[in-house]
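Notes to accompany the following structure.
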Amino acid sequence: MNTETNNSVLIVDDDKANLLELIHILRPEYKLYSAKDGVSALKLARENKPDLILLDIVLPGLSGYEVLAKLKESDNTNDIPVIFITGISETEDENTGLSLGAADYIRKPFARLVVLRRVRHQIEIVNLRRELLAAKNMEK
């Protein structure tokens, strides 16, 4: 397991307590960015190209669904995996998020180990893809 802080995560939630809880859980392992709304999240994603985005569905202005759609439309951000974080417990909402391209779902209130394992899983996939791409480029 890679526990260095060379991977980055953007956390997007309009609830300060949720942001602080996720920062507390993830700070030891990752470089973190945070945003409280969709417009700020899109700007941070474009500027910093995080390895993973934790995205609340219910946000002021743009919803998490709209933010995900805009991320997927851009060549600069379409490959960043997104995990929805939400208090919504309807299966239909989960299906909507996954069909839009979300990589996973984490329900509120947060269970520390669930957050850590799901984030680590996505970061491992990102790092493996980078290693494969680097190996492929070295063959050329």
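Since the model is a prediction, treat every value here as computed from it, not as a measurement. Quick note: residue numbers are just sequence positions, from 1.
As a member of the Ile/Leu/Val/Met/Phe/Trp/Tyr network built from side-chain separations under 4.5 Å, L20 groups with nothing else and remains a singleton. Other members of the cluster containing V126 do not exist, because no ILVMFWY side chain is joined to it at under 4.5 Å. Within the hydrophobic cluster formed by Ile, Leu, Val, Met, Phe, Trp and Tyr side chains joined at under 4.5 Å, directly or through other members, L68 is accompanied by L10, V12, Y33, V39, L42, L44, I53, L55, I57, V58, L59, L62, Y65, V67, L71, I80, V82, F84, I88, L100, Y105.
Other residues, nucleotides and ligands contribute over 12 non-hydrogen atoms within 6.0 Å of the NZ atom of K49. More than 12 heavy atoms of other residues, nucleotides or ligands shown are found within 6.0 angstrom of CD on E47. Around atom NZ of K70, no more than 12 heavy atoms belonging to other residues, nucleotides or ligands sit under 6.0 Å away.
Within the 4.5 Å cutoff, no side-chain heavy atoms of V9 are placed close to those of P50.
When all heavy atoms of E66 and G61 are compared, the pair lying nearest together is OE1-O, 4.0 Å.
The closest donor-acceptor contact from the side chain of K31 to the backbone of N7 lies at 3.5 Å or more, if one exists at all.
Applying the ring pair (Phe, Tyr, Trp, His ring centres under 6.0 Å) test to every pair with at least one member in residues 121-140, sequence neighbours left out, gives no pairs at all. Judged as a ring pair (Phe, Tyr, Trp, His ring centres under 6.0 Å), not a single pair has a partner in residues 36-58 (not counting sequence neighbours).
Between the side chains of D56 and N18, no donor N or O sits under 3.5 Å from an acceptor N or O. Side-chain contact of D37 with S40: a donor-acceptor pair under 3.5 Å is present, judged by distance alone.
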Tabulate below the donor-acceptor pairs under 3.5 Å that side-chain atoms of residues 130-138 make, not counting sequence neighbours, or state none.
from	atom 1	to	atom 2	distance (Å)
R130	NH1	D51	OD1	3.0
R130	NH2	D51	OD1	2.2
N137	ND2	L133	O	3.3

